[in-house]
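Below is one structure, written out as structure tokens; comments come after it.
For reference, positions follow the sequence shown, starting with 1.
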Amino acid sequence: MPRTEEQYEQIREERKQQIRDVALEIIAEEGFANTSIAKIAKRANISKGLMYNYFTSKEELMMSIMVEGFNKLTEAFDPDRDGVLTHDEMHFFIDTTFDVLKSNIRFWRMYFMVLLQPDVTKLIEPYIMKTLEPFLQTAYQYFASNGYENPEVEVRFFAALLDGVGLHFVMDPEGFPLEGVKEKLHRMLD
């Protein structure tokens, strides 16, 4: 029995996910500059030529990985999508952020490696800003409506705090007191 269009699309998406997973593993281990399409193809057990049927370049592949990772976080921010972040939704976001950090350490390792490479950061900066803009706006409204004196500073502090927690956890996943830090963050926002 011949496959349907939906079955072909599902197979294609499964293969793309396999490629993203392998690329993430290699980039997290070796860095973006040391990762080649040939290396990804070899570990994914497909030909280099076939790789280009799924992703036109290493940069497009990395962007796909970044989009997927960011989407896991942004889905938890303002879950009812009403543009207003409640106290409970902020706490839910914190819990989800820490869960995502723990469950996908390779992504975050790659994320921080990429952020520390200015030439690579330039590639993803437009997407990051496009993704962060609604986050920053909603967070600004949250801090403003909760009486914080300077909501812009609070938003930047909150984002920097989350980045710092992520970076320290990625550097020392066994020793970093992630649960204790999460509880402290919850207390800070109460």
Salt bridge present between [X] and [Y] (N-O < 4.0 angstrom):
| X | Y | value |
| --- | --- | --- |
| Lys102 | Glu179 | yes |
| Glu30 | Lys39 | yes |
| Lys16 | Glu68 | no |

Short side-chain to backbone donor-acceptor contact, [X] and [Y], under 3.5 Å:
| X | Y | answer |
| --- | --- | --- |
| Gln18 | Ala44 | yes |
| Lys42 | Ser47 | no |
| Ser64 | Glu60 | no |

Non-hydrogen atoms of Phe107 and Ile65 that approach each other most closely: CE1-O, 3.5 Å
If every non-hydrogen atom of Met110 is compared with every non-hydrogen atom of Ile27, which pair is closest and at what distance? CG-CG2, 3.1 Å
Looking at side-chain heavy atoms only, is the closest gap between Phe143 and Leu189 below 4.5 Å?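 Phe143 reaches Leu189 side chain to side chain.
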Between Phe112 and Trp108, how do the two ring planes meet: parallel, tilted or perpendicular, split at 30° and 60°?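 Phe112 vs Trp108 ring planes: tilted.
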Check: residues 146-171 side-chain donor-acceptor pairs under 3.5 Å, at least two apart:
from   : atom 1 : to     : atom 2 : distance (Å)
Asn146 : ND2    : Tyr142 : O      : 2.7
Asn150 : OD1    : Glu152 : N      : 3.4
Asn150 : OD1    : Val153 : N      : 3.4

Distance (rounded to the nearest 0.5 Å) between Tyr54 OH and Ile40 CD1: 14.5 Å
Quick one: which residue pairs count as a salt bridge (charged side-chain N to carboxylate O under 4.0 Å, His left out) with a foot in residues 82-97, not counting sequence neighbours? Asp95-Lys182
